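Beneath this line is the structure, given in structure tokens, with notes to follow.
Here is the naming used below: chain letters follow the sequence lines, and residue numbers restart at 1 for every chain. If you're wondering where the values come from, they're calculated on a predicted model, not measured in any experiment.
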Amino acid sequence: MTDDKALTPRSEDFSAWYNEVVQRAELADHSPVRGSMVIRPWGYGIWENMQRALDDMFKETGHENAYFPLLIPMSFIEREKEHVEGFKPELAVVTHAGGKELDEPLVVRPTSETVIYAMYAKWVQSYRDLPILLNQWANVIRWELRTRLFLRTSEFLWQEGHTAHATDEEAQEETLRMLGVYRRFMEEWIAMPVVTGLKSDSEKFAGAVRTYTCEAMMQDLRALQAGTSHHLGQNFSRQFDLTFQTEHGEEEYAWNTSWGVSTRLVGAMVMTHGDDAGIVVPPKLAPVQVVIVPIYRKEDQRAAVVEKAEELKTRLGEQGMRVRVDDRDHLNPGAKFYEWERKGVPFRIEVGPRDLEKGQVVLVKRVTAEGEDRKEFLPEGQAVAELSARLDAFQKELLERARARRETHSHRGAGSIEEVGEILDSSGGFVYTGWSGDPSVEERIKAETKATLRCIPDPDFRSETPPERCVGGERATSEVLWARAY
RNA sequence: CGGGACGUGGCGCAGUCCGGUAGCGCACUGCAAUGGGGUUGCAGGGGUCGCCGGUUCGAAUCCGGCCGUCCCGACCA
């Protein structure tokens, strides 16, 4: 446990704030191995809630879970040309086992396309075997040079969905369906608005035909890629002989998709909602949604107050809320308040002797808007009746707050590369412009402004009047989103 | 992987220049009081000074190598 009372304010040094808050909220810690992390119970609890929600959504869209092995033959990774080029530098390779050098090195999976499609090839003969709709929850390793807890670590946890379809159209539909699932999850559960869209060729997944992305804006106004969904075409099918016989008797290669989100989402949540007091966990993800802090002086008071706290916990728990009574005796109430705020618990209830007399409780929301009372004194019955609805309302407030911030910092109508740079330097955020599709414009923006092409936004996010000119000067064929990114 | 900074009880640091065997604050343990926003008092415990090697009668301190963390750049869920 650390002693420093206050965190570095976000305005002073956002990345110092992030590093401190992740550790002091007890989300994660550095492991003895460079670049990898230990996810602590509070952080893992949040991840488990994310997993559960996503897993339900995957099941609802017809997917099943399976598990494929950690180790992949080197030759598999090497089979798809772009894929191997994309991953080669960050592979961890097992060369020795059982005290001997292996005949063929084994790669610790950086992602599982190759094994999975090799297996699908064994399982699929006819169009009747399609589609295959599988997902796996797994760890992967990518040897990163520069790491940060949750945002980029050498080992991370994620889910990877892998599907095989009889037609291009069906695979395309699946790719977009799962992108939509991600968007809904990020908005409804993380309370994090995203811009969805298509990646440019230079930013797409190594081995994909098309990559779609969810891009979120963090509080330092940088973009974070929060999830991706790939249409893999027949690239992997061809390399792994994933063929099937059509209803007309012809042999064809299957069409694949893959899609994933990772523990990076925990970092995204921290950078979307956290404040100078700590992290803020949206109610739907919070391992503890309501913490009850008993207040007392004498022993007899303590017994009465803790009994009331336990009773409240039971009554709220019966409504499905996750509640904890903090009856630790060696900390005074103030210390508990600070601790649970740092950990982002949405609501706190204080119960003391005075409340017992009056039949009331004190309710405190983790984030209060300007002008809103910090502490509310509510009749006990009202608090019990309303808390569930208040959690829902808080969840919505967080989303709206984040959306408003993103809109405030989204800029449309920039006409030149210089203008893009000026906007990024003066205010930062998302910049929408026209684009001709010319990769050299992308390179110039990157070189001159450090911003990257985050995506070609989906219709929901495009400007009302499409830009006519590319920032490079030519005629625009699409609208794109630029930002400095993580 | 290049440039820079740092590494001393759990955390934050002083001591390093000028070598003489380790200190401060917080945290932790015990007791008592306190308890509605980080509570006091008293009494305690805990450190092969990142690791390995060298110089020296003697190394936290000087030298070499390695490892790790952070910041800045090139690559990335």
Original post:
For atom P, what is the distance between rG3(B) and rG12(B), given to the nearest Å?
Top reply: 27 Å
Original post:
Who does rG46(B) pair with, Watson-Crick or G-U, both distances under 3.5 Å?
Top reply: none
**OP:** Round to the nearest Å and state the distance from Arg24(A) atom CZ to rG12(B) atom P.
**Re:** 11 Å
Original post:
Taking only residues two or more places apart in sequence or in another chain, which ones pass ring pair (Phe, Tyr, Trp, His ring centres under 6.0 Å) with Phe337(A)?
Top reply: none
Subject >> Spacing of the C1' atoms in rU8(B) and rU48(B) (rounded, Å) >> reply: 12 Å
Subject >> Over-ring placement of Arg264(A) relative to Phe150(A), 6.0 Å and 45° cut-offs >> reply: no
Original post:
Touch check for Val362(A), heavy atoms < 4.0 angstrom, all strands: base, sugar-phosphate only, or nothing?
Top reply: base
Subject >> Comparing Glu299(A) and Phe150(A) on RNA chain B - which has the more 5′ nearest nucleotide >> reply: Glu299(A)
**OP:** Please give the nucleotide sitting opposite rG73(B) as a Watson-Crick or G-U wobble pair, both distances under 3.5 Å, or none.
**Re:** rC1(B)
**OP:** List the steps, then state whether side chain to side chain contact (heavy atoms under 4.5 Å, CB included) holds for Asn65(A) with Tyr67(A).
**Re:** CA-CA 7 Å; Asn65(A) 284 329; Tyr67(A) 185 78; over 6 Å; no
Original post:
What integer number of Å spans the P atoms of rG10(B) and rA5(B)?
Top reply: 27 Å
**OP:** Give none if rG23(B) has no partner; otherwise give the nucleotide forming a Watson-Crick or G-U wobble pair with it, both distances under 3.5 Å.
**Re:** rC13(B)
Original post:
With the threshold set at 4.0 Å, does a side-chain nitrogen-carboxylate oxygen contact exist between Arg328(A) and Asp326(A)?
Top reply: yes
**OP:** Hunt down the Watson-Crick or G-U wobble partner of rG68(B), both distances under 3.5 Å, from any strand shown, or write none.
**Re:** rC6(B)
Original post:
Base, sugar-phosphate, or nothing: which does Asp29(A) touch, judged by heavy atoms less than 4.0 Å apart?
Top reply: nothing
Output one line per pair: protein atom, nucleotide atom from nucleotides 70-74 of chain B, and distance, for all N/O pairs under 3.5 Å.
residue	atom	partner	partner atom	Å
rC71(B)	OP1	Ser15(A)	OG	3.3
rC72(B)	OP2	Arg146(A)	NH2	2.5
rG73(B)	N7	Arg146(A)	NH1	3.4

Original post:
How would you label the contact of Leu224(A) with the nucleic acid (heavy atoms, under 4.0 Å): base, sugar-phosphate, or nothing?
Top reply: nothing
**OP:** Assign Gly260(A) to base, sugar-phosphate, or nothing according to its heavy-atom contacts below 4.0 angstrom with the strands shown.
**Re:** nothing
Original post:
With rounding to whole Å, what would you report as the distance between rG38(B) and rA27(B) at their C1' atoms?
Top reply: 12 Å
Subject >> Span that lies between the C1' atom of rG4(B) and that of rC49(B), in whole angstrom >> reply: 24 Å
**OP:** Round to a whole Å and report the spacing from OH of Tyr486(A) to P of rC75(B).
**Re:** 19 Å
Original post:
What integer number of Å spans the C1' atoms of rC18(B) and rC13(B)?
Top reply: 22 Å
**OP:** For Lys336(A), answer base if it contacts any base atom (sugar-phosphate contacts may also be present), sugar-phosphate if it contacts only those atoms, and nothing otherwise; contact means non-hydrogen atoms under 4.0 Å.
**Re:** nothing
Original post:
Would you say the side chain of Glu341(A) and the base of rG37(B) hold a donor-acceptor pair, judged only by whether the two atoms sit under 3.5 Å apart?
Top reply: yes
**OP:** For rG50(B) and rG9(B), measure between their C1' atoms and round to the nearest Å.
**Re:** 14 Å
Original post:
Is any NZ, NE, NH1 or NH2 atom of the basic residue among Arg210(A) and Asp201(A) found under 4.0 Å from an Asp or Glu carboxylate oxygen of the other?
Top reply: no
Original post:
Out of Tyr117(A), Tyr120(A), Phe76(A), which one pairs with Phe240(A) under the ring-ring contact (aromatic ring centres under 6.0 Å, His included) rule?
Top reply: Phe76(A)
Original post:
Which part of the nucleic acid does Arg302(A) contact within heavy-atom distance under 4.0 Å: base, sugar-phosphate only, or nothing?
Top reply: nothing
**OP:** Nearest 0.5 Å please: distance from the OG atom of Ser229(A) over to the OH atom of Tyr182(A).
**Re:** 6.5 Å
**OP:** Compute both the distance and the angle, then confirm whether Arg324(A) meets the cation-pi test with Trp42(A): under 6.0 Å from the six-membered ring centre, within 45 degrees of the axis.
**Re:** no
**OP:** Send over the distance from Met178(A) CE to rA77(B) C1', rounded to a whole Å.
**Re:** 16 Å
**OP:** Specify the residue among Gln360(A) and Thr153(A) whose closest nucleotide of RNA chain B lies further upstream toward the 5′ end.
**Re:** Gln360(A)
Original post:
Just checking Glu350(A): base, sugar-phosphate only, or nothing, at a heavy-atom cut-off of under 4.0 Å?
Top reply: base
**OP:** Count the heavy atoms belonging to other residues, nucleotides or ligands that lie under 6.0 Å from CD of Glu64(A), then report whether that count exceeds 12.
**Re:** no
Subject >> Between P of rA77(B) and CD of Glu90(A), the distance in whole Å >> reply: 7 Å
Original post:
NE2 of His330(A) versus C1' of rU29(B): gap in Å, rounded?
Top reply: 12 Å
**OP:** Answer with base, sugar-phosphate or nothing: what part of the nucleic acid does Ser262(A) contact at a heavy-atom distance below 4.0 Å?
**Re:** base
Subject >> Whole angstrom value for the distance that separates P of rU69(B) from CD of Glu20(A) >> reply: 17 Å
**OP:** Could you let me know what rG38(B) is paired to, Watson-Crick or G-U wobble, both distances under 3.5 Å, or none if it's on its own?
**Re:** none
Original post:
Starting at CG of Leu363(A) and ending at P of rG36(B), how long is that distance when rounded to a whole Å?
Top reply: 19 Å
Original post:
How would you label the contact of Pro89(A) with the nucleic acid (heavy atoms, under 4.0 Å): base, sugar-phosphate, or nothing?
Top reply: nothing
**OP:** Using modelled atom types only, decide if a donor and an acceptor are shared between the side chain of Gln301(A) and the backbone of Arg297(A) within a distance under 3.5 Å.
**Re:** yes
Subject >> Sugar-phosphate, base or nothing in reach of Gly35(A), heavy atoms under 4.0 Å >> reply: sugar-phosphate
Subject >> Given rG37(B), rG38(B), rA77(B), the nucleotide with the shortest approach to the side chain of Val364(A) >> reply: rG37(B)
Original post:
Rounded to whole angstroms, how far apart are CZ on Arg297(A) and P on rG35(B)?
Top reply: 4 Å
Original post:
Within the stacking criterion (centroid distance below 5.5 Å, interplanar angle below 30°), does Trp158(A) stack on rA77(B)?
Top reply: no
Original post:
Hey, is Tyr338(A) doing a stacking thing with rG38(B), by the 5.5 Å centroid and 30° angle criteria?
Top reply: yes
